[in-house]
Amino acid sequence: MLNIVLFGPPGAGKGTQSGLIIEKYGLIHLSTGDILRSEIANGTQLGLEAKRLMDEGLLVPDAVVVGMIATKIEANPGAKGFIFDGFPRTIAQAQALDEMLQEKGTGIACMVSLVVPEDELRKRLLLRGQETGRSDDNEETITRRIKEYLDKTTPVAGYYESKGKLHSIKGVGSVNEIFDGICEVLNAQGGA
Ligand code: B4P
């Protein structure tokens with residue numbers, strides 16, 4: 001299996017690049033943000049609780065997102081591999097993911113980290129907010145999301161770096177240029 005973590009701050013292009021990666025490499029896309037938004041759209045209890053936190057720019061509790069990912073992994077027994085987009089966002093989530101994959105006799109091949117300066121992130125997210133009306137893409141919530149990222153999520157890169165699995169890619173430029181950089185990393189992992 002080829003299991004990849006796609007990492008980066010809010011607005012780094014994780015969702016955008018995941019679309020291209022799944023098409024080229026035939027991996028299953030697991031985005032905790034997308035799963036949470038689908039819970040919200042379906043009006044579930046989990047969705048109602050998650051929406052309050054997401055609109056404040058805060059992370060949803062680890063147990064909730066770990067449970068969601070476990071369910072999706074179980075639901076795809078024949079997968080060639082998974083791309084984890086926006087997960088893990090804390091060290092506890094990273095440890096839980098390692099345990100889940102170990103039980104399946106597999107693991108994370110690498111983390112691809114998209115590096116984008118903060119002013120560019122704000123510009124992208126504000127533009128998406130204007131275009132789509134996404135409720136967490138407003139000035140105040142973006143500031144909280146970036147703070148959550150710096151406080152709780154950046155240590156996750158160190159977790160994978162200590163295992164020799166971190167690959168940083170410049171996340172500014174055209175979507176295709178950035179994708180080419182990601183492909184170089186994935187091909188070296190035997191993804192091609
Ligand atoms: P996510 O849905 O993961 O949202 P995100 O970090 O904003 O990234 P997204 O993938 O949507 O944006 P992208 O960078 O592709 O999380 C939302 C919330 O859910 C979190 O704040 C949290 O509350 C909760 N949550 C999710 N996962 C969680 C977890 N594991 N634990 C706890 N809580 C969790 O793109 C942004 C914009 O940039 C797009 O408009 C795109 O078109 C544009 N763009 C992309 N590439 C570009 C490029 N090269 N140039 C210019 N623009 C580009």
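Ligands are counted one by one from 1 in listed order, and the atoms in each one are counted from 1 as well.
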Just do the salt bridge (Lys or Arg N to Asp or Glu O under 4.0 Å) check on D85 and K14 with the steps written out, would you?
-> CA-CA 6 Å; D85 162 8; K14 303 182 293 289; 5.3 Å; no
Going by the 4.0 angstrom heavy-atom rule, the piece of V65 near ligand 1 is side chain
Atom 42 (O) of ligand 1: which protein heavy atom is closest, and how many Å away?
-> T16 OG1, 4.0 Å
Straight-line distance of I146 CD1 to T153 OG1, nearest 0.5 Å = 12.0 Å
Is the closest N or O pair between G173 and ligand 1 shorter than 3.5 Å?
-> yes
Gap between atom OG1 of T154 and atom OH of Y159 - 0.5 Å precision = 16.0 Å
Quick one: does G15 get an N or O within less than 3.5 Å of an N or O on ligand 1?
-> yes
Close side-chain approach of R122 to E139, heavy-atom, < 4.5 Å = yes
Tell me: protein heavy atom nearest atom 14 (O) of ligand 1, and distance?
-> G13 N, 2.5 Å
What's the verdict on salt bridge (Lys or Arg N to Asp or Glu O under 4.0 Å) for K51 and D136, showing C-alpha distance, side-chain angles and the deciding distance?
-> CA-CA 9 Å; K51 181 166 172 42; D136 56 348; over 6 Å; no
Check: K72 main-chain N/O paired with N76 side-chain donor or acceptor under 3.5 Å | yes
Which one holds for L58 and ligand 1: side chain close, backbone close, both close, or neither close, with close meaning a heavy atom under 4.0 Å?
-> backbone
Does the side chain of M54 reach to within under 4.5 Å of the side chain of T141, using non-hydrogen atoms?
-> no
Before signing off on this row, confirm whether T32 and ligand 1 have an N or O atom pair separated by under 3.5 Å.
-> yes
Rounded to the nearest 0.5 angstrom, the CG-OG distance for L6 and S31 is 10.0 Å
Would K123 and D119 count as a salt bridge (Lys or Arg N to Asp or Glu O under 4.0 Å) if you check the C-alpha gap in whole Å, the side-chain angles of each, and the deciding distance to 0.1 Å?
-> CA-CA 6 Å; K123 211 168 67 186; D119 57 344; over 6 Å; no
Can you pull out the closest protein heavy atom to atom 25 (N) of ligand 1? Residue, atom name and distance to 0.1 Å, please.
-> L36 CD1, 3.6 Å
Proximal ligand 1 atoms for R37, defined as those under 4.0 Å from one of its heavy atoms | 2 (O), 17 (C)
Out of R134, K51, K14, E177, the nearest non-hydrogen contact to atom 8 (O) of ligand 1 is supplied by K14
For ligand 1, find out whether one of its N or O atoms is nearer than 3.5 Å to an N or O atom of R128.
-> yes
Looking only at distances, please establish whether an N/O atom of ligand 1 is found under 3.5 Å from an N/O atom of D136.
-> no
What atoms of ligand 1 come closer than 4.0 angstrom to any heavy atom of G86?
-> 27 (N), 28 (C), 29 (C), 30 (N)
For E49 and Q45, test the side chains for any donor-to-acceptor distance below 3.5 angstrom and give the result as yes or no.
-> yes
Among the heavy atoms of S18, does any lie under 4.0 Å from an atom of ligand 1?
-> no
Taking the side chain as every heavy atom from C-beta outward, state whether T90 and P155 have any pair of such atoms under 4.5 Å apart.
-> no
Going by heavy-atom distance to atom 26 (C) of ligand 1, choose the closest among E148, E131, R89, R124.
-> R89
Below 3.5 angstrom, do we get any N/O pair linking L125 and ligand 1?
-> no
Report yes or no: is the cationic atom of K152 (NZ for Lys, CZ for Arg) closer than 6.0 Å to the six-membered ring centre of Y149, at no more than 45° off its axis?
-> no
Would you mind listing which atoms of ligand 1 come within a distance below 4.0 Å of any non-hydrogen atom of I178?
-> 49 (N)
Atom 33 (N) of ligand 1: the protein heavy-atom neighbour that sits closest, reported with distance to 0.1 Å = V60 N, 3.0 Å
Are any non-hydrogen side-chain atoms of I108 and Y160 less than 4.5 angstrom apart?
-> yes
Distance in Å, R144 CZ paired with D151 CG, rounded so as to fall on 0.5 Å steps = 11.0 Å
Per-residue contact class, D62 against ligand 1 - non-hydrogen pairs under 4.0 Å | neither
Measure A12 to ligand 1 on non-hydrogen atoms and call it side chain, backbone, both or neither using the 4.0 Å cut-off.
-> backbone
May I ask you to check if ligand 1 and D34 share an N or O to N or O distance below 3.5 Å?
-> no
Between R145 and ligand 1, does any nitrogen or oxygen pair lie at a separation below 3.5 Å?
-> yes
Between Q93 and ligand 1, which residue portion shows a heavy-atom distance shorter than 4.0 Å: side chain, backbone, both, or neither?
-> side chain
Quick one: look at M54 and ligand 1, take heavy-atom pairs under 4.0 Å, and tell me if it's side chain, backbone, both or neither.
-> both
